[in-house]
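In what follows, a structure is listed as structure tokens, so that the remarks can point back to it.
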Amino acid sequence: MKIVVCIKQVPDTNEVKLDPKTNRLIRDGVPSIINHDDKSGIEAALQLKEKVGGTVTVVCMGPPQADVALREALAMGCDDAYLLSAREFGGSDTCATAIIISTALKKIGYDLVITGRQAIDGDTAQVGPQLAEKLGIPQVSYVEEFEIADNLKDITVKRQLEDGYELIKIQTPCLLTTIKELNTPRYMTMNGIFGDKKMTTWNAKDIEVDLTKVGLEASPTNVFRS
């Protein structure tokens, strides 16, 4: 089974500040971490791999320094990693981001795609569902528990609601967005830290994305005030 986890490197703070001139995040001087919901997604993928076999691939769109987040995921036990990084991607909103990542996932291949529910530096919870729409696959959001059948096709998902939960059956290929309450992510291992695992960096040309649909100018969402 080929499991792909999409993660984001975010500032290690809940007090996100924006540059008043560019309306972009100020990251200088702020340490970065793997987004909490995304890390639960990594753990869910690793547990599934241990149960049914297969591979776990982790994907991150971001600047070159986002490779730190990918290396942490590899040290946790993921098999390979892809960094999607290009100047043309700068300023992309959630829609443009979904286009970029979905284009890469079509090239990588997948049976199950896992993303975090939302990122702490944006809180939109839009990229996961938009990614599923771009890929043309079914999705379930706010996943707090799931089980896959022996046929590796049928998945039963427990979806969190404000006043309870839903049980939903879905078939692979599909996308699940996870919440941090799903599990407790494992630590990196020494073998993982010093192991020889593959990390690939792809730019806009590598994934053959339509440049008219990505970046700041192509993004339908713009921040005018904060």
inquiry  = Under a plain distance cut-off of 3.5 Å, with no hydrogens placed, do Arg159 and Ser141 share a side-chain donor-acceptor pair?
reply    = yes

request  = Would you indicate whether Glu217, at its atom CD, is surrounded by more than 12 heavy atoms from other residues, nucleotides or ligands within a distance under 6.0 Å?
outcome  = no

query = If we ignore angles and hydrogens, is there a donor and acceptor under 3.5 Å between the side chains of Thr178 and Asp37?
reply = no

ask   = Around Glu50, counting heavy atoms of other residues, nucleotides and ligands shown, do more than 12 lie under 6.0 Å from its CD?
value = yes

ask   = Is the side chain of Lys153 donor-acceptor paired with the backbone N or O of Thr172 at a distance under 3.5 Å, no angle test?
value = yes

message = Can you confirm whether Leu105 sits close enough to Leu131 that some side-chain heavy atom of one is under 4.5 Å from a side-chain heavy atom of the other?
response = yes

Spacing of OG1 belonging to Thr115 relative to CZ belonging to Arg117, to within rounding of 0.5 Å = 11.0 Å

query = If you take all heavy atoms of Asn183 and Pro185, which pair is closest and at what distance?
reply = O-CD, 3.7 Å

query = Within a radius of less than 6.0 Å around CG of Asn151, do more than 12 heavy atoms belonging to other residues, nucleotides or ligands occur?
reply = yes

inquiry  = What I'd like to find out is whether the side chain of Ile100 reaches to under 4.5 Å of the side chain of Ile207, using heavy atoms alone.
reply    = yes

request  = Find out whether Thr177 and Gln139 are in side-chain contact, i.e. whether some heavy atom of one side chain is under 4.5 Å from a heavy atom of the other.
outcome  = no

request  = Work out which heavy atom in Leu83 is nearest to a heavy atom in Pro64; give both atom names and the distance.
outcome  = CD2-O, 3.8 Å

message = side chain to side chain contact (heavy atoms under 4.5 Å, CB included) for His36 and Ile120? Distances and angles first, verdict last.
response = CA-CA 8 Å; His36 300 307; Ile120 61 173; 4.0 Å; yes

request  = Given side-chain hydrogen bond (donor to acceptor under 3.5 Å, both in side chains), test Thr189 with Asn191 step by step and report yes or no.
outcome  = CA-CA 5 Å; Thr189 66; Asn191 287 337; 5.6 Å; no

Which side-chain N or O atoms in residues 84-92 pair as donor and acceptor under 3.5 Å with protein atoms at least two apart or in another chain?
from	atom 1	to	atom 2	distance (Å)
Ser85	OG	Gly62	O	2.9
Ser92	OG	Phe89	O	2.7
Ser92	OG	Gly215	N	2.9

key: ring pair (Phe, Tyr, Trp, His ring centres under 6.0 Å) partners of Tyr142, counting only residues at least two apart   = none

message = Check Lys107 with Glu208, please: is the shortest side-chain N to carboxylate O separation under 4.0 Å?
response = no

key: N-O pairing of Asp38 and Lys8 below 4.0 Å   = no

remark   = The residue among Lys51, Lys158, Lys169 that forms salt bridge (charged side-chain N to carboxylate O under 4.0 Å, His left out) with Glu147 is Lys51

